[in-house]
Amino acid sequence: MLQKTFSIYNDDLQGCRLFIETGTGYIACWCRNTETSMVKAFELFRFQQPDEGSFENMLREAKLNSKLFDTHFEKVYLVWGNEECIPVPSVYCSSDTAEDYFSLMYGAETCGAYINTVNDITLVSGRLSKQQDAFKKYFPSAGDEHKFSLLLKKYFSDAYNATAGRVHLLFYSGHFIITVIKENLLQLMQSRQYETAEDVLYMILNACAQNGLNPEETKITAGGMIDVKSSLYTALYMYLEGFEIETADKNMMDAEGFGEYPAHYFAPFFNYDV
């Protein structure tokens, strides 16, 4: 069952590019003006994860309930947020070994590996052939990239460049992406499922311990679907000295409806554009 949880629009969508991110149980659509970089609209759909064969039906239902799907945009970008993605040092990865890495990690064969390289790190994920085919029916010339690739570009940009350890968290409904960086080298990047605040806290503390980071001295940022009045926020704020909320810039959100929601809800989408 598909549920639309956000629908925010500016009446003028001229000159915008459309971004569509899809992952475990969600599709997010937003458009940004090419010249001003202002975000003009945002839609978020949630759904029970369909099997691969029914993804096309689910996408068709999203189109019926989406204003952005039926608006013409000169450029469209697809962002893949599927969990099955492995960062591998490029020196140890090639097109011949990529599928072996995927099989070793997830115990399944791929139908060809999707390979993307950023900062000497090669990202290996399985080809989402049916999902890609379903999207191409609506956006045949769309470019695409994995979410992890966008995160790496951001985290290793000049603005983030630092030798101190840091942990980045991006929350979705029922899962989050954790990235651990130490001495400006990637140590960990994974998508994790969770049910309780204790699950998340344990995973963060364990990731710090495994990578030799003191959680009392490590900067830990979190953005996305985390309520500041929730037990999850309370636990992270209470036990993690360096915990901070990452927000999206509200000055770049050009639609009245954005003001009704906390700015950090939009950080996983607007802060990491293609």
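Reckoned from all heavy atoms, side chains included, excluding hydrogens, waters and symmetry mates. Numbers for residues simply follow the sequence, beginning at 1.
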Glu145 vs Lys153, salt bridge (Lys or Arg N to Asp or Glu O under 4.0 Å): CA-CA, chis, key distance, verdict:
CA-CA 12 Å; Glu145 195 164 358; Lys153 290 177 184 178; 2.7 Å; yes
With a 4.0 Å cut-off on N to O distance, would you call Lys40 and Asp12 a salt bridge?
no
Would you call Glu43 and Lys67 a salt bridge, using N to O less than 4.0 angstrom?
no
Do we see a donor-acceptor contact under 3.5 Å between the side chains of [X] and [Y]?
X: Glu83; Y: Gln193; answer: yes
X: Asp227; Y: Ser230; answer: no
X: Ser54; Y: Asn57; answer: no

Report yes or no: do [X] and [Y] belong to one cluster of Ile/Leu/Val/Met/Phe/Trp/Tyr joined by side chain heavy-atom distances under 4.5 Å?
X: Tyr272; Y: Ile121; answer: yes
X: Ile177; Y: Phe156; answer: yes
X: Ile226; Y: Leu205; answer: yes
X: Ile220; Y: Met225; answer: no

Could you tell me whether the side chain of [Y] reaches within less than 4.5 Å of the side chain of [X], counting heavy atoms only?
X: Leu150; Y: Val79; answer: yes
X: Tyr77; Y: Asp144; answer: no
X: Val76; Y: Tyr138; answer: no
X: Trp30; Y: Ile20; answer: no
X: Leu151; Y: Leu170; answer: yes
X: Arg192; Y: Val200; answer: no
X: Phe73; Y: Leu68; answer: yes
X: Lys4; Y: Ser7; answer: yes

How long is the span from the OG atom in Ser173 to the CG atom in Leu44, to the nearest 0.5 Å?
9.0 Å
Counting the benzene-type ring for Trp, do [X] and [Y] have ring centres under 6.0 Å apart?
X: Phe139; Y: Phe69; result: yes
X: Phe42; Y: Phe270; result: yes
X: Phe258; Y: Phe266; result: yes
X: Phe135; Y: Trp80; result: yes

Tell me which one of Leu213, Leu169, Asp199 satisfies side-chain contact (heavy atoms from CB on, under 4.5 Å) with Ile204.
Leu169
Among Leu186, Leu188, Val167, whose side-chain contact (heavy atoms from CB on, under 4.5 Å) with Thr179 holds?
Leu186
Worked check of side-chain contact (heavy atoms from CB on, under 4.5 Å) between Asp254 and Asn33:
CA-CA 10 Å; Asp254 189 13; Asn33 186 275; over 6 Å; no
Within the supplied structure, the quantity of interest is the number of heavy atoms (other residues, nucleotides, ligands) at a distance under 6.0 Å from Asp11 CG; does it exceed 12?
no
Atom OH of residue position Tyr261 - does it have more than 12 heavy atoms of other residues, nucleotides or ligands inside 6.0 Å?
yes
Going through the checks in order, is the side-chain contact (heavy atoms from CB on, under 4.5 Å) test met by Phe176 and Met203?
CA-CA 11 Å; Phe176 69 103; Met203 293 176 194; 3.7 Å; yes
Tyr172 and Glu21: CA distance, side-chain angles, deciding distance, side chain to side chain donor-acceptor pair (under 3.5 Å) verdict
CA-CA 12 Å; Tyr172 298 82; Glu21 179 179 325; 2.9 Å; yes
Member of Glu244, His264, Glu246, His168 meeting the side chain to side chain donor-acceptor pair (under 3.5 Å) criterion with Thr221
His168
Derivation of the side-chain contact (heavy atoms from CB on, under 4.5 Å) call for Arg32 and Phe19
CA-CA 8 Å; Arg32 187 187 291 270; Phe19 299 86; 4.0 Å; yes
